[in-house]
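For this chain, numbers begin at 1 and follow the sequence in order. All values below come from the heavy atoms of this structure, side chains included, with hydrogens, waters and symmetry mates left out.
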Amino acid sequence: MQAKIRAGRVWGKRAVLSASAAALLLGASWADPPPPSLPPPLGPLLNDVLADGSLDAEEKQRLVALETASAPVTLSVAGAPTTFAPPDTADRALLAFLIGPSNLREHWLGPQEKMRVFVRASMASPALRDMLERYAANEFLTAWRSSRMSNDYKPVRQLLADYMEALKPLEEPHPDEYRAGQALAYDAMQRVNVFVGLAVPGWIYSWLKPDRAAGEAQE
């Protein structure tokens, strides 16, 4: 049976991992610098309501009020009233995804608007980012299980290439989102590598580490 990295239940998808491996990976993050978060005013609202990675009835009500707004609406953000303009198409799609029900499989490597929702959801809060990173790690781990030196590690290399190809449309118009998606892939592969005892050759995914060249250019 294939091992999978525990992510709890994320939109109906359950993954399984031994308690010791789950503890090893809990809270792991390797991207440097940290991935971007969503800008205000939406970013602080989502970080507030998704602090634990889930929505209670009151939190969901706030997101529904914004997602359906056709005029400015005032909502509580960390206890303070904040006025929001009606969301644009991208924000409305993200809110609908978060309110649910949502199928991650439809967004993973999906068309641009679907993949963008996946990436922007990972920017909504650290807890949600962790869940989606684990989802990505499950996908990469499955590909790794079929990868070996004799096939030049093609399954996992191809999946990483497909992932970055799905991100490509975000690079020019939304560079922060592109970097966030790239960082998510890098961190997910780091999780996989730790889980399999550092058996993944570094060259397979080290090129995903975001902003390395940009950081060196700025020094």
Discussion item. Pair Val156, Val200 - check side chain to side chain contact (heavy atoms under 4.5 Å, CB included), show working.
Written reply: CA-CA 10 Å; Val156 69; Val200 182; 5.8 Å; no
- Task: Step by step, work out the side chain to side chain contact (heavy atoms under 4.5 Å, CB included) result for Leu132 and Leu104.
- Result: CA-CA 9 Å; Leu132 295 178; Leu104 279 176; 3.7 Å; yes
TODO: For side chain to side chain contact (heavy atoms under 4.5 Å, CB included), just list the numbers for Lys114 and Val117, CA-CA rounded to whole Å, side-chain angles, deciding distance to a tenth of an Å, and then say yes or no.
DONE: CA-CA 5 Å; Lys114 295 283 189 180; Val117 167; 5.8 Å; no
| Trace of the side chain to side chain contact (heavy atoms under 4.5 Å, CB included) decision for Leu42 with Leu95 | CA-CA 10 Å; Leu42 185 60; Leu95 289 165; 4.2 Å; yes
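The shortest heavy-atom contact between Ala180 and Arg129 is O-NH2, 4.4 Å. Smallest separation of non-hydrogen atoms from Asp88 and Asp91: OD1-N, 2.8 Å. Taking every heavy atom of both residues into account, Phe97 and Ser102 meet most closely at O-OG, 2.6 Å. Leu75 approaches Arg62 most closely through the heavy-atom pair CD1-O, 3.6 Å. Between Ala127 and Gly53, the closest heavy-atom pair is CB-N, 3.4 Å. Looking at every heavy atom in both residues, Asp176 comes nearest to Pro36 through O-CG, 3.4 Å.
Rounded to the nearest 0.5 Å, atoms CG (Leu159) and CG (Leu141) are 11.0 Å apart. Atoms CZ and CG, on Arg191 and Asn138 in that order, are 10.0 Å from each other to the nearest 0.5 Å. Rounding to the nearest 0.5 Å gives a distance of 9.5 Å between CG of Leu63 and NZ of Lys60. With rounding to the nearest 0.5 angstrom, the CZ atom of Phe118 is 6.0 Å from the OH atom of Tyr163. Here CE of Met123 is found 8.0 Å from CZ of Arg179. Values are rounded to the nearest 0.5 Å. Annotation: the span from Glu177 atom CD to Leu38 atom CG amounts to 7.0 Å, rounded to 0.5 Å.
Counting only distance, with no hydrogens or angles, the side chain of Glu133 and the backbone of Leu184 share no donor-acceptor pair below 3.5 Å. Under the 3.5 Å distance criterion, the side-chain polar atoms of Ser125 are matched with a main-chain donor or acceptor of Leu50. Between the side chain of Asn151 and the backbone N or O of Ser146 there is at least one donor-acceptor pair closer than 3.5 Å. Within the 3.5 Å criterion, the main-chain N or O of Val77 finds no donor-acceptor partner in the side chain of Thr82.
For Glu171, the CD atom counts as densely surrounded, since its 6.0 Å shell holds more than 12 non-hydrogen atoms of other residues, nucleotides or ligands. Applying the 6.0 Å contact sphere to CD of Glu58 captures more than 12 heavy atoms from other residues, nucleotides or ligands.
Side-chain contact between Pro126 and Asn47: present, with at least one pair of heavy atoms (C-beta onward) separated by less than 4.5 Å. Counting only heavy atoms from C-beta outward, the side chains of Trp207 and Gln182 never approach each other to under 4.5 Å. Side chains of Leu109 and Glu165 form no contact here, defined as non-hydrogen atoms less than 4.5 Å apart. Residues Leu98 and Leu128 meet the side-chain proximity criterion, which asks for heavy atoms closer than 4.5 Å. Here the side chains of Trp144 and Phe195 are not in contact, with every heavy-atom distance at 4.5 Å or above.
Residues Glu113 and Arg116 are not paired through a salt bridge, judged by the lack of any N-O separation under 4.0 Å between the basic side chain and the carboxylate. Using a 4.0 Å cut-off between charged side-chain N and carboxylate O, Arg105 and Glu139 make a salt bridge. Classification of Asp130 and Arg134 as a salt-bridged pair holds, one side-chain N sitting under 4.0 Å from a carboxylate O.
Residues Gln190 and Tyr205 have side chains that bring a donor and an acceptor to within less than 3.5 angstrom of each other.
Ring geometry for Trp108 versus Tyr135: interplanar angle over 60°, hence perpendicular rather than tilted (30 to 60°).
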